[in-house]
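Working notes for the structure below.
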Amino acid sequence: MESVLESVKSGIIRAITGAAEKARAEGKIDFETLPEFVLEVPREKGHGDFATNIAMLLARHVKMQPRRVAEMINEYLDTAGTWVARREIAGPGFINFFLDSGWMYAVLPRIEEQGNRYGSSDTGRGKKVQVEFVSANPTGLLHMGNARGAALGDTMASLLQAAGFDVSREFYINDAGNQIENFGKSLEARYLQQLGHEVPFPEDGYHGQDIIDTVTGIIKNDGDKYVDVDPVLRREFFIKHALEEKLNAIKRSLENFGVKYDNWFSEQTLHESGAIDKVLDELRERGSIYENDNALWFKSTEFGDEKDEVVVRSNGTPTYFAADIAYHKNKFERGFEWLINIWGADHHGHVRRLKGAVEALGYDPDNLDIVLMQLVRLFRDGEIIRMSKRSGEFVTLDDLVEEVGRDAARYFFVMRSADSHLDFDMDLAKSQSTDNPVYYIQYAHARICSIIRQLEEKGGALPEARDCNLLLLKETAEMDLIRKMIDFPEEVSEAAVNLEPHRIARYAHELAGLFHSFYNSHRVIVEDRELQDARLALVISTRTVVGRALELLGLTAPESM
RNA sequence: GCGCCUAUAGCUCAGUUGGACAGAGCAACGGACUUCUAAUCCGUGUGUCGGAGGUUCGAGUCCUCCUAGGCGCGCCA
């Protein structure tokens with residue numbers, strides 16, 4: 001359904017187009033095709049509710065002063081039935097439109113009618129999208145980078161769903177390759193060490209306490225029965241056992257963070273099914289692969305990369321990159337029309353070559369978007385928490401959720417755009433004060449619930465917006481709040497299409513701010529029953545929109561605080 | 001050395017995709033609770049938009065160069 005904003009704007013745009021064409025028909029101005037003008041909301045309130053730049057764009061073609069063109073168009077402009085009350089020509093040639101404020105009231109019955117669907121749209125037209133995020137190595141615990149990826153990916157997916165895309169959330173499990181071999185060797189060494197054998201620990205092994213715990217668990221169940229087992233079989237067992245344990249822990253952590261996947265995709269299956277060999281054959285046929293030094297290389301330089309990349313090592317084993325190519329082909333084969341990957345910025349070097357590989361396979365690389373997110377720095381007591389496995393100070397996702405809570409953690413991770421470095425202030429995230437944006441937003445929701453409770457205690461009934469005299473809402477604070485809610489559907493689809501969840505974090509904060517202003521200057525429960533009903537309609541809608549914004553961000557909407 | 005990202009108020013960051021006088025939060029100061037939750041609100045001001053050129057009616061936004069910081073440049077992932 002067309003939003004309130006869209007329908008008002010499209011009416012004015014039609015009028016502008018009509019005026020330009022009429023002026024041309026009467027020989028006043030001459031142009032072949034109308035330039036792509038915009039009808040936008042000016043920054044300055046004094047410049048009207050909407051403004052168009054059509055005159056400045058046309059001026060270039062018709063070789064007239066922009067203001068003269070504006071006057072011409074203004075003369076032919078018929079804005080009957082568009083809510084436009086007044087218009088002016090200003091600045092270098094803008095035509096500003098001032099609307100009768102009545103145009104805004106329609107949003108309240110709209111929100112009431114759509115409820116939690118308000119803000120959703122058909123922008124995506126059911127396009128199949130896959131968001132792949134976190135995809136952490138199943139050999140360790142989830143760190144801050146994974147946590148930010150989880151919050152960003154999950155929120156993007158929610159936004160895309162709201163914008164009418166058919167979304168699937170996926171986690172790629174790196175359960176194959178060198179690092180897994182290494183993982184197996186580490187487990188094996190720990191196992192033997194725990195049982196008193198003097199064995200060296202692998203040079204690049206996994207030093208964490210967590211794998212010692214895993215091994216202790218194995219010993220508890222099976223004792224020393226693997227000491228005399230063939231090492232290859234032994235490692236195979238350890239890997240299988242440990243991966244399952246780790247993966248379950250990762251799943252639990254993410255669920256605890258409010259993130260649920262539609263699919264967990266195992267890299268190992270690509271090796272076992274022959275998908276990797278197949279995709280390499282295909283690339284070879286297409287001439288994108290060559291042999292050098294007994295290894296196979298992908299010609300990524302043909303796609304703008306700095307150098308070519310090995311896909312099969314001289315020892316015959318495929319690289320991670322080879323698996324990734326097969327994985328992305330698999331994604332397209334599953335019918336996804338738009339692939340979104342969320343990666344840490346330290347992986348940016350792989351973007352070119354993966355897109356190159358996608359292109360080499362005959363797919364459009366523009367259908368693969370790789371969102372790079374900058375790293376997270378944790379602050380506590382004003383100091384950076386330096387995390388390293390060696391120092392032992394290592395904050396995991398579980399630690400973070402336990403310390404600051406899931407809502408604060410999720411909000412802080414998405415409140416900045418992905419490509420800005422994130423300074424995560426643990427003290428601020430924990431504080432239950434005005435400084436904390438999470439509480440600020442949730443408090444707005446709780447306050448509205450409180451008003452409604454008060455009303456019900458007094459035996460009052462909730463009105464329906466369409467039965468209210470909404471014209472009674474004419475205070476600045478009321479109109480600002482209504483105007484903001486009108487923007488919500490566009491805000492959601494813009495945030496979705498541009499993969500910018502921070503816009504919704506910001507929007508929620510601004511909306512809450514407008515509500516708090518209103519709350520402090522006007523009472524809802526008042527003597528005047530008609531006014532009370534109109535204001536109730538206003539705050540009920542506000543609760544819906546704040547609640548929906550919180551929901552999209554994956555936060556709870558408390559009824560009292 | 002080459003490549004990618006970043007640079008906006010004292011701090012942390014937005015900036016409607018090229019529009020009019022560049023915004024918000026925090027910090028600072030002063031106010032507002034016998035009334036729906038003061039976890040709130042209302043006032044007070046701050047900018048060589050890192051620097052230099054260019055593109056045009058118009059640049060924080062696009063192009064080039066320079067400076068500073070982060071990251072990457074393995075037959076690791």
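What you see below is based on every heavy atom in this structure, not just the backbone, and it leaves out hydrogens, waters and symmetry mates. In what follows, chains are A, B, ... by sequence order, proteins preceding strands, each numbered from 1.
- In this structure, A/N520 does not reach the B/U40 phosphate: none of its side-chain N or O atoms is under 4.0 Å from OP1 or OP2.
- Counting heavy-atom neighbours within 6.0 Å of A/E291 CD, excluding the residue itself, gives a total above 12.
- Side-chain nitrogen and oxygen atoms of A/H502 include at least one within less than 4.0 Å of the OP1 or OP2 phosphate oxygen of B/G15.
- The base of B/G72 has none of its N or O atoms less than 3.5 Å from a complementary donor or acceptor on the side chain of A/H347.
- One finds a side-chain N or O of A/R447 lying less than 4.0 angstrom from the OP1 or OP2 phosphate oxygen of B/A38.
- The side chain of A/E494 sits closest to B/U17 out of B/U16, B/U17, B/A39.
- Residue A/Y519 is in base contact, counting any heavy-atom pair closer than 4.0 Å across all strands shown.
- At a threshold of 4.0 angstrom between heavy atoms, the contacts of A/N137 are confined to the sugar-phosphate backbone, with no base atom among them.
- As judged by a 4.0 angstrom heavy-atom cut-off over every strand, A/D324 is placed among residues making no nucleic acid contact.
- The separation of B/G74 from B/C63, taken at their P atoms, amounts to 28 Å, rounded to a whole angstrom.
- Close to B/C76, at under 4.0 Å from its OP1 or OP2, lies a side-chain N or O of A/R313.
- Residue A/Q374 is classed as a sugar-phosphate contact, given heavy-atom separations below 4.0 Å to backbone atoms only.
- With distances taken from any side-chain atom of A/E306 to the nucleotides B/G25, B/C73, B/C75, the minimum falls on B/C73.
- Close to B/A14, at under 4.0 Å from its OP1 or OP2, lies a side-chain N or O of A/S417.
- In this pair, A/F303 and A/F298 present their aromatic rings parallel. The plane angle is below 30°, not in the 30 to 60° band.
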Sugar-phosphate or base contact per nucleotide [nucleotides 55-65 of chain B; S, B, -; heavy atom under 4.0 Å] | --BB-------
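- The side chain of A/R416 lies closest to B/C13, out of B/C13, B/G72, B/C5.
- Nearest nucleotide to the side chain of A/Y440, out of B/U40, B/C13, B/C75: B/U40.
- Looking at heavy-atom distances under 4.0 Å, A/N53 makes contact with a base.
- Taking A/H271 as the reference, nothing meets the ring pair (Phe, Tyr, Trp, His ring centres under 6.0 Å) condition, with sequence neighbours excluded.
- Using a 4.0 Å heavy-atom criterion, one finds that A/H522 contacts the bases of the nucleic acid, with or without backbone contacts as well.
- Base contact: A/H47 has a heavy atom under 4.0 Å from a base atom.
- Of the candidate nucleotides B/C76, B/C36, B/U16, B/C36 has the atom nearest to the side chain of A/Q454.
- Closest contact between the side chain of A/S450 and the listed nucleotides B/U17, B/C42, B/C36 involves B/C36.
- For the pair A/S420 and B/G70, the criterion of a side-chain N or O lying under 4.0 Å from OP1 or OP2 is not met.
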Would you write the dot-bracket representation of RNA chain B, where each base gets (, ), [, ], | or . depending on whether it forms a Watson-Crick or G-U pair under 3.5 Å and with which partner?
-> (((((((..((((.....[...)))).(((((.......))))).....(((((..]....))))))))))))....
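- Rounding to the nearest 0.5 Å gives a distance of 4.0 Å between NZ of A/K45 and CG of A/D480.
- When heavy atoms are screened at a 4.0 angstrom cut-off, A/A444 is found touching no nucleic acid atom at all.
- Atom-to-atom, NZ of A/K484 to P of B/U16 comes out at 13 Å; the value is rounded to the nearest Å.
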